[in-house]
S.K.: 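Take this structure, written in structure tokens, and hold onto it; I'll ask about it next.
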Number of protein chains: 2
Amino acid sequence: METETITENQKVRVAKKLKKMFGHMDRREMEYCPIRDVMALASDKWSILIILYLGYFPILRFNQLKKKVYGISNKVLSERLKILEADGYLSRQMYPEVPIRVEYQLTTFGHSYLLKLIDLSEWVTTYSDQIIDNRKRFKKG
Amino acid sequence: METETITENQKVRVAKKLKKMFGHMDRREMEYCPIRDVMALASDKWSILIILYLGYFPILRFNQLKKKVYGISNKVLSERLKILEADGYLSRQMYPEVPIRVEYQLTTFGHSYLLKLIDLSEWVTTYSDQIIDNRKRFKKG
DNA sequence: CCGTATCCCGGACGATACTG
DNA sequence: CAGTATCGTCCGGGATACGG
């Protein structure tokens, strides 16, 4: 399992993108930072899992999500859902039946984010064995 | 600023990828989860910023990084660097001069990860205004 | 200069109980 | 069923000082 080497062409494009991004970050320095204030809220382990599961199962209810996202507590799940809803990644539909029913699903915007998240997750799952291995070798030597 | 709609073709590819990923995650359920155990360690706000800065400035010393990654403390920076080094994203080169000099840079592996991270960060910076806006409207209504 | 060591605090998180 | 409320815990993370 070998990581592809980076071509010069890629390097140039990367440099350009970074330049643009850092320009963006500098301009509003101290005001707000997209990475800290936006990305961090949707790229923690819980949020990622929630979004991926909603990508896989288009509609999920609260307790279904709770079962899928193993180990999450009521409180944290409810908090995360509220944040993700507020930021526009997912929608919440409540049916005032008895017992009550609430359904969550990704918005169009959330689907767009899902694509990016899948790319990243794919990369990570592909290389996770290698990373675990790196970790072990680092510990030893 | 409109989010592109998702084509049927994309949906199918997404479903396939997710199926593969979740299969991967289920198979080792309880043993370890790539998202939790690998991705989460390299996708928190500090790690992202460290890696992006090392993408922009190929070589950085400890205190240079500390200045760039605004607000990070000695302790956290040193912890994150150790994790990122252990997992293979970056290398640490020490020159036993007086005063000592230590240089950090991305490995080839780290560059490969950087590409994915840039994609995500680009998406986020592109839509961050919209997200902030979503957030405000949610608060009001 | 590059960190580690220490101390301390606030906030994140888990568990549980409870309500509409 | 879908959460909220409450409480206790724990640890991430900030500040400072110091050692190699």
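The chains referred to below are lettered A, B, ... by the order of the sequence lines, with proteins before strands, and numbering in each begins at 1.
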S.K.: Would you write the dot-bracket representation of DNA chain D, where each base gets (, ), [, ], | or . depending on whether it forms a Watson-Crick or G-U pair under 3.5 Å and with which partner?
M.R.: ||||||||||||||||||.|
S.K.: Counting just side-chain N and O atoms, does S78(B) come under 4.0 Å of either OP1 or OP2 of dC2(C)?
M.R.: no
S.K.: Name the closest nucleotide to the V76(A) side chain, picking from dC2(C), dA2(D), dG14(C).
M.R.: dG14(C)
S.K.: Between P on dC2(C) and CD on Q64(B), what's the gap in Å once rounded to a whole number?
M.R.: 8 Å
S.K.: Expressed as a whole number of angstroms, how long is the span from N74(A):CG to dG20(C):P?
M.R.: 17 Å
S.K.: Just the rounded figure in Å: distance from P of dA2(D) to CG of L60(A).
M.R.: 11 Å
S.K.: Please report, rounded to the nearest Å, how far the P atom of dG12(D) is from the NZ atom of K45(A).
M.R.: 10 Å
S.K.: With ring centroids as reference points, do F109(A) and W123(B) lie under 6.0 angstrom apart?
M.R.: yes
S.K.: Which of residues 80-104 of chain A have a heavy atom under 4.0 Å from DNA chain C?
M.R.: R80(A), I100(A)
S.K.: Of the nucleotides dA15(C), dC7(C), dG3(C), which one has an atom closest to the side chain of K75(A)?
M.R.: dA15(C)
S.K.: Going by the rule side chain to side chain donor-acceptor pair (under 3.5 Å), which residues pair with N63(B) if we only count those two or more places apart in sequence or in a different chain?
M.R.: none
S.K.: Rounded off to whole Å, could you give me the CD1-to-P distance for the I72(A) and dA15(C) pair?
M.R.: 12 Å
S.K.: To the nearest 0.5 Å, what is the distance between CG (N134(A)) and OG (S128(A))?
M.R.: 11.0 Å
S.K.: In whole angstroms, how far is the C1' atom of dT4(C) from the CG atom of L77(B)?
M.R.: 13 Å
S.K.: Considering only side-chain heavy atoms of N63(A), which listed nucleotide, dA2(D), dC7(C), dA17(C), is closest?
M.R.: dA2(D)
S.K.: How close or far is atom C1' of dG14(D) from atom NZ of K66(B), stated in whole angstroms?
M.R.: 10 Å
S.K.: Rounded to whole angstrom units, what separation is found between the CH2 atom of W46(B) and the P atom of dG13(D)?
M.R.: 8 Å
